[in-house]
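Predicted model, so just to flag it, every value in this text is computed and none were measured. Naming convention: chains lettered A, B, ... in sequence-line order (proteins, then strands); numbering from 1 in each chain.
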Amino acid sequence: MNYWLFKTEPSTYGVDDLARDKVTAWSGVRNYQARNFMRDAMRKGDRGFLYHSSCDEPGIAGIVKVSRAAYPDESQFDRKSRYYDPAATPDAPRWFNVDVTFVKKTRPLGIAALRSQKALAKMQILQRGNRLSITPVTHAEWKCILGLLV
DNA sequence: GCCAACGTTGGC
DNA sequence: GCCAACGTTGGC
């Protein structure tokens, strides 16, 4: 089983939205590296943190699980969507998404608290200039953060 | 609002 | 294929 971090802006779709929906297609990812993580490396049953960015309290806000492996992202075919991609066709989809299921809302664990942990020094989300919306989390990082949430 | 960092675009 | 310009991201 692998661990991941899903970054999202709570003003668009945050942990409370997922708690309400229970499951959602993690669509709209338009970055090749992040797509490749979903398409090539994510498996059903993987776990992840939900991370809130571009908000008052950036940090970890919830725990999720991957409930369906990658499949073509419907929004790439939708002309009305901001994620529409004219170069994508159903026969040759360019973008993929997994389904993410709500596990639980955590107490907010802010970026400063994360930075204060030596064990998390190399965590991708904390690196300078990081912009990837999906990043792998190591088992050690996962355990460290779970410990902080107890 | 600022600024650093990064990905994408497009001219050549 | 190079690289400058541009747009976006995201913490502060």
Filter on ring pair (Phe, Tyr, Trp, His ring centres under 6.0 Å), then keep only pairs touching residues 92-136 of chain A, sequence neighbours left out; what's left? A:Tyr32-A:Trp95
Applied to residues 45-66 of chain A, the side chain to side chain donor-acceptor pair (under 3.5 Å) test, sequence neighbours excluded, yields A:Trp4-A:Asp46
Near DNA chain B, which residues from residues 114-123 of chain A have a heavy atom under 4.0 Å away? none
Could you pull out all donor-acceptor pairs under 3.5 Å where a side-chain atom in residues 141-150 of chain A meets a protein atom, sequence neighbours excluded?
residue	atom	partner	partner atom	Å
A:Glu141	OE1	A:Thr138	N	2.9
A:Glu141	OE1	A:Thr138	OG1	3.3

According to salt bridge (Lys or Arg N to Asp or Glu O under 4.0 Å), who are the partners of A:Lys104, at least two apart in sequence or on a separate chain? none
With sequence neighbours left out, write down each residue that passes side chain to side chain contact (heavy atoms under 4.5 Å, CB included) with A:Asp17, or none if nothing qualifies. A:Tyr13, A:Arg20
Going 5' to 3' along DNA chain C, which are the first and last nucleotides with any atom under 4.0 Å from a heavy atom of chain A? C:dG7 to C:dC12
Contacts of type salt bridge (Lys or Arg N to Asp or Glu O under 4.0 Å), residue A:Arg68, not counting sequence neighbours: none
N/O donor to acceptor pairs below 3.5 angstrom from side-chain atoms of residues 116-123 of chain A, sequence neighbours left out:
residue	atom	partner	partner atom	Å
A:Ser116	OG	A:Ala113	O	2.7

